[in-house]
Amino acid sequence: MEKYNPREIEPKWQKIWDEPNYYKTEIDKSKPKYYALEMFPYPSGNLHMGHVRNYSIGDVVARYRKMAGFNVLHPMGFDAFGMPAENAAISHGVKPSDWTFSNIKNMIRQQKQMGLDYDWNREVETCRADYYRWTQWLFELFYKRGLAYKKEASVNWCDTCGTVLANEQVIDGKCWRCDHEVHKKNLAQWFFKITDYADELLKDLDKLEGWPSRVKIMQENWIGRSEGAEFSLQVDGFDEKISVYTTRPDTIFGITFMALAVEHPLIEKLIAGQPNESEIRQFIKETKDMSDMERTSSESEKKGIFTGVYCVNPVNGRKVPIWITNYVLFEYGTGAVMGVPTHDERDWMFATKYNLDKILVIDNPAAPLELSKMDNAYIEKGVLINSGEFNGVDNESAKSKIIDWLEDKKIGTRKINYKLRDWLISRQRYWGAPIPVIYCEKCGEVLVPEKDLPVELPDDVEFKQGALSPLSTSKKFNECTCPKCGGKARRETDTMDTFICSSWYYLRYADPHNTEKPFAREIVNYWNPVDQYIGGIEHAILHLLYSRFFTKVLRDAELLDYDEPFTNLLTQGMVIKDGAKMSKSLGNVVSPEEIIEKYGADTARLFILFAAPVERDLDWSDKGVEGSYRFLNRVWRILGIFEDAIKGGTENYDVATLNDEEKILRRILHKTIKKVTEDLHDRFAFNTAISALMELVNAAHNFQDKKINPDLAREFAKNLLIMLAPFVPHIAAELWSKFFAGDVHKQNWAKFDEAAIAEDTVEIVVQINGKVREHINVANNLDKAALEKLAPTLPRVQNLIGDKKIVKIVAVPNKLINVVVR
RNA sequence: GCGGGUGUGGCGGAAUUGGCAGACGCGCCGGACUUAGAAUCCGGUACCUUUAUGGCGUAUGGGUUCAAGUCCCAUCAUCCGCACCA
C-alpha cells in the first residue's frame, strides 16, 4: 500500500462531501432526532485554535450520533453584524458588507478544510436582509407584547466603540469588546424587558440538568434575586416620603440614618435653600464625575454629606438624619437605604466616620454585645432587642414576622428584588439590524408595518470615528413618511445589539428558507431544543441568558412549545500555549491552517481531542501533534500489513476457529467498542476514547510479523474504521474505501459482542491488611464465599500471616480479596 | 469579602460506583534494522533503599473505612466568576 498522504486524500474526500446534498438534513420521524450545535462564529476572517477545538468536538458528536441511528441536525452560520466590520470601513474605507462577506468566504473554506459535516444548505448569515428581516419582525413582536420600550436612562457608554452597552456587556467597568473604560450617560434608549422573566429565568435553571453548574450559578448570581420588605419614611417638614428596600427587616428598629444615592430625585427638593447647599452640590458633582469602576468598588471609602433634613422611622417614631452618600446605588432597589450601623458593615463604617448614632437591635445570646466594645457590625445570628414587641425573637424568624406586621399596619410590603436590569438593546452603530421604528410628529412612535420589512441598511452613509450613529448621515434612510398618517417622519437611526441576532439563530437553522415567517412552529418543535450546545464559557451570561429569555417570550407568543433552548451545554476549555491564552501580543499563536497544511486536518482534530478533556484548558504541544500524526500512520501501516487478510476475510465466521492470541485481540477489539461507545455516548470523554483506540492498534501490532486469521482481520479493520470515523473522517473514509463497500460515514455504529468480552478466568488481587501481596487467576465471577474460602489456602498468604490471626476477609468478585490479620 | 473549580511522574493526562495509582500520549534511556542518519519496530521509565516475596507515594495535616487520588474536617496554593445589590 502507498504511504499515508493526508495532503492527497483530504482534498479528495472534501470534494465528495461538498457535493450539494451529501450532508442534507431532512425531517425523518422514523429516527430519534438530535440537534448538535456549536456557537456560530463572528466572521473575523480566520479560524483560530479555539474554533478548531469547538468544531472538532461538535463534529465528533454529530458524526457519532448519525452513525448511532439518530437523525442529526448539524448546521453552521455566521454572527455577521458587529463593530469590526465598521472599523474596517473607518480605517480602510472598505464597505462593511464586503469586508464581512469576504471573511465569511475564507472561514467557510477553512471549515471545509477541517472536514466538518455541516449541512451548508442551512447556513445563516445574520447580516443578510432575509435574516435581519425576521430579527426586526421579532423586535416588533416584543414591542407588541410590551417587552420593548424606549426610555431615557443613565446608560453605559463606550467612547471607543461610540455606542451604548448593555449591563451584561460591561466587564469590570470595561467594554466587553474593546476593553476600554465605560462611563454613564443619560440617553433615550431602547430596552427589552428581560426583568419580566427574571423569576422564570431563575427558576428554570433547575430544569437544566445538562448544563455545567458553574454556568447556572453565574446566571443565578446575575439575576440576583433577594427577598425583603419595602416601606417608606415620612420626611420631616415636607410632604414627601422616602421609600426603601431592605433584606434585613429584622434590623428595622436600629435605623439611625437614611442614605440616598446622589441621583435620588428627592434631593433637589430637600437641599433647596439649605445653608450648605453649594457644598452639597459640589459633593454630588464629584461623586457623579467618578468613574463607574471607582464608584462601585467596595474598596472605595464611604463618603456622604448631611442634607440638614430628617425623616421618621415608622416603627418607632425615631427622627433620623438624611444623608447623601457615594455608596448607595441608584439603579438597585429604590436608590435609598436605611442605615443600621450596628448590623451592616458599610453602615458601620459610614456611621463611625461621621459620628452617627448606633443602636444594637440584635444581641448574641451566647456572648452579650456591648456597643462600646464593638469595632465591627454584628452580622451573625442572634435575638432581637430594643425592638418593641419583637424583643426576644430570633432574628431569622423575625424577618418574616416583621414583614407581616408592616403589612398589617400598612407601613410596608413584602418585596422581591432582582439585580437583573432590563436589556439595553439600541446601538449607535451602522452594521447591525435597524430598529424598525418611525417617529412621526403627529403620531409619535410607530412600528414599520410588517409588509415593509426589512428596513434595509442604506449605503450612502459616512463612517467617522466617534461620530453618532452613521445611519443618521443617510438622507434616504432618515426621511420617510408615517405609516399611519402619511405625514413627514424620520426613522430610528440606532441598530440592534448583535446579541439579538444571535438569540434566535438556532431556530432559523431549523427552517432557514422560510419567507413567510422567521420559522414554522411545527418544524422548530421537531428539531429544537438543541440537544447538545457547545461553546466557550465567555457566554455564560450574555448569549446564553438572552437566548433563554427569547425562548420564553416566543413560547408565550405561541411560536414554539418548549421552555429552554439548549438541553445540554458543553463549555469547552481554552487552547493555551506556554501557559497563556494564544494571542498576537504574546506571539504564541499557532495557525490552524499551517498545522493542517503540515499534518492534515485529521491530525489536528485528533490531537486537539486527545490532549485534554473537553472542559479543561488544552495545552498546545507541537510534539503532541507529531504523536497524533504517528498514530494515524500506525493505523495506515497496520491495515496495509493486513491488506490481503482483510480482503480475503468474511463477515460471518465461526469465532471458535481463532487461536488463543487471536481470541485475545478479538476480546480487546470488543472491549474497545464498548469503551469508545460509552465515552462518546454519555461522557464526551474523547481523550480516553482515543487512548482506547490507540491500545487496540497497539494490540494488533502483535500480528505484524505473523499470519492473522483473515476473518478476524476483517472484523478488526471494519470496527476500527467505524470507530475512527467521527474523529478522523478523511483517513477513515479512505481506508474504508480500500476494503469495504459504501461510505464509512453512513455505516451503523459498531456493536460489541458481550460473549467476546467475557473471560474464563480473571486476575484478582490478594491483599493482606490492604497491601497487595499476590495476584491470582480465578474463574470469572467466582462468588464472594468461594473467594473468602480460597484466600487462607494460598501458600503466600499462609507464609505472610505466620502465627497472626485472621480477623476478617473481605472479598469483591473479579476485583480483590483483602485478608485482615492481627 | 462572597461563590465555584482545580491540585496525581520531567510534561499533557488516566483511574466512570471507595477496590492493583500513573492507562494512553509526549519526553527521556536502552536495543533491533542501517555504511550512517531519518523513519520504523521492540523493551524500559514515580520516588527511595539494603534490588525484592522491600519501603514509600496522588498539595499539606487530621479523620472515617478491611480498603481513600476518590468520602468527611481543617489548612495551603492556584485559577475563574461576582463584588458597596442594602
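Proteins come first, then strands; the chains are lettered A, B, ... in the order of their sequence lines, and each starts at number 1.
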Check: Between B:C42 atom C1' and A:K706 atom NZ, what is the distance in whole Å?
Finding: 13 Å
Margin query: For A:F703, does the six-membered ring have the charged nitrogen or CZ of A:K706 within the cation-pi criterion, i.e. under 6.0 angstrom from the centroid and within 45° of the normal?
Written below: yes
Notebook entry, point to check: Does a side-chain N or O from A:K302 land closer than 4.0 Å to OP1 or OP2 of B:C84, or not?
Noted result: no
Note to self: In whole Å, measure the gap between the P atoms of B:C56 and B:U8 for me.
What the structure shows: 23 Å
Margin query: When the C1' atoms of B:A46 and B:U34 are compared, how many Å lie between them, rounded to an integer?
Written below: 35 Å
Next item on the list: Determine the interatomic distance between C1' on B:G22 and the same-named atom on B:U75; round to the nearest Å.
Entry: 27 Å
Checklist line | For RNA chain B, the dot-bracket pattern of Watson-Crick and G-U pairs whose distances stay under 3.5 Å, | for other-strand partners | finding: (((((((..(((......[....)))((((((.......)))))).(((..).))...(((((..]....))))))))))))....
Next item on the list: Would you please indicate yes or no on a ring centroid separation below 6.0 angstrom for A:F231 and A:Y245?
Entry: no
Next item on the list: Report which part of the nucleic acid A:V337 touches: base, sugar-phosphate, or nothing (heavy-atom distance under 4.0 Å, all strands).
Entry: base
Next item on the list: For the pair A:N313 (side chain) and A:I252 (backbone), establish whether a donor and an acceptor sit closer than 3.5 Å, ignoring hydrogens and angles.
Entry: yes
Note to self: When the P atoms of B:G1 and B:U17 are compared, how many Å lie between them, rounded to an integer?
What the structure shows: 34 Å
Just list the side-chain donor-acceptor pairs under 3.5 Å for residues 678-689 of chain A, sequence neighbours left out, or say none.
{"unit_1": "A:D679", "atom_1": "OD1", "unit_2": "A:R683", "atom_2": "NE", "d": "3.3"}
{"unit_1": "A:D679", "atom_1": "OD1", "unit_2": "A:R683", "atom_2": "NH2", "d": "3.2"}
{"unit_1": "A:D679", "atom_1": "OD2", "unit_2": "A:K675", "atom_2": "NZ", "d": "3.2"}
{"unit_1": "A:D679", "atom_1": "OD2", "unit_2": "A:T688", "atom_2": "OG1", "d": "2.8"}
{"unit_1": "A:D679", "atom_1": "OD2", "unit_2": "A:A689", "atom_2": "N", "d": "3.2"}
{"unit_1": "A:H681", "atom_1": "ND1", "unit_2": "A:Y64", "atom_2": "OH", "d": "2.7"}
{"unit_1": "A:T688", "atom_1": "OG1", "unit_2": "A:A685", "atom_2": "O", "d": "3.1"}

Note to self: Output the rounded distance in Å from CE (A:M218) to C1' (B:G5).
What the structure shows: 12 Å
Checklist line | Same-atom distance (C1') from B:A77 to B:A59, integer angstrom | finding: 7 Å
Check: Is the distance from OP1 or OP2 of B:C41 to the nearest side-chain N or O of A:R637 less than 4.0 Å?
Finding: yes
Margin query: Within 90° of 0 counts as syn, otherwise anti: where does B:G9 fall?
Written below: syn
Next item on the list: Tell me, please, which residues at least two apart from A:E2 pass side chain to side chain contact (heavy atoms under 4.5 Å, CB included).
Entry: A:W636, A:K738
Note to self: Strictly distance-based, threshold 3.5 Å: is any side-chain N or O of A:N777 a donor or acceptor partner for the main-chain N or O of A:T761?
What the structure shows: no
Next item on the list: May I ask you to evaluate whether A:K771 reaches the phosphate of B:C56, defined as a side-chain N or O under 4.0 Å from OP1 or OP2?
Entry: yes
Checklist line | Contacts of type ring-ring contact (aromatic ring centres under 6.0 Å, His included), residue A:W176, not counting sequence neighbours | finding: A:F499
Margin query: Please enumerate all residues that pass salt bridge (charged side-chain N to carboxylate O under 4.0 Å, His left out) together with A:E227, with sequence neighbours excluded.
Written below: A:R225
Item checked: Contacts of type side chain to side chain contact (heavy atoms under 4.5 Å, CB included), residue A:M218, not counting sequence neighbours -> A:R214, A:A540, A:I541
Notebook entry, point to check: Can you find a side chain N or O atom of A:Q219 that sits less than 4.0 Å from OP1 or OP2 on B:C82?
Noted result: no
Next item on the list: Provide the distance between the two C1' atoms, one in B:G9 and one in B:C79, to the nearest whole Å.
Entry: 23 Å
Next item on the list: Mind running a 4.0 Å heavy-atom check of residues 165-176 of chain A against RNA chain B and sending the residues that fall below it, in number order?
Entry: none
Check: What residues, two or more places apart in sequence or in another chain, satisfy ring-ring contact (aromatic ring centres under 6.0 Å, His included) together with A:Y378?
Finding: none
Item checked: A:S621: side chain to side chain contact (heavy atoms under 4.5 Å, CB included) partners, not counting sequence neighbours -> A:F607, A:K623
Checklist line | P spacing across the pair B:G44 / B:A23, given as an integer number of angstrom | finding: 11 Å
Notebook entry, point to check: What is the distance, rounded to the nearest whole Å, between atom NZ of A:K353 and atom C1' of B:C84?
Noted result: 15 Å
Margin query: Applying a 4.0 Å non-hydrogen cut-off, can you work out what A:I217 is touching in the nucleic acid: base, sugar-phosphate, or nothing?
Written below: sugar-phosphate
Margin query: According to ring-ring contact (aromatic ring centres under 6.0 Å, His included), who are the partners of A:H343, at least two apart in sequence or on a separate chain?
Written below: none
Notebook entry, point to check: Would you say a side-chain N or O of A:Y327 is under 4.0 Å from OP1 or OP2 of B:A86?
Noted result: no
Next item on the list: Measure from CG on A:L260 to C1' on B:A86 and round the result to the nearest Å.
Entry: 13 Å
Next item on the list: Could you work out the separation of B:A32 and B:C71 based on their C1' atoms and round it to a whole Å?
Entry: 50 Å
Checklist line | 5'-most by nearest nucleotide on RNA chain B - A:N702 or A:T334 | finding: A:N702
Next item on the list: Quick one: list whatever passes ring-ring contact (aromatic ring centres under 6.0 Å, His included) with A:Y332, sequence neighbours left out.
Entry: none
Item checked: Toward the 5' end of RNA chain B, by each residue's nearest nucleotide, A:E345 or A:H701 -> A:E345
Item checked: Whole angstrom value for the distance that separates P of B:A86 from CZ of A:F231 -> 14 Å
Next item on the list: For nucleotides 8-27 of chain B, just jot down a letter per nucleotide in 5' to 3' order: B, S or -, based on protein non-hydrogen atoms under 4.0 Å.
Entry: ----BSSSB--BB--BBSSS
Note to self: More than 12 heavy atoms of other residues, nucleotides or ligands under 6.0 Å from NZ of A:K241: yes or no?
What the structure shows: no
Margin query: Need one value for A:V328: base, sugar-phosphate or nothing, where a base atom within 4.0 Å counts as base even if backbone is also close, heavy atoms only.
Written below: base
Next item on the list: Take atom CD of A:E230 and atom C1' of B:A86, then tell me their distance rounded to the nearest Å.
Entry: 12 Å
Checklist line | Nearest-angstrom distance from the residue atom CG of A:L205 to P of B:G4 | finding: 16 Å
Next item on the list: Report yes if a donor N or O on one partner sits less than 3.5 Å from an acceptor N or O on the other, where the partners are the side chain of A:R773 and the base of B:U53; otherwise report no.
Entry: no
Checklist line | Residue A:R214, side-chain atoms from C-beta onward, closest of B:C80, B:C42, B:A86 | finding: B:C80
Next item on the list: Round to a whole Å and report the spacing from CD of A:E331 to P of B:C84.
Entry: 11 Å
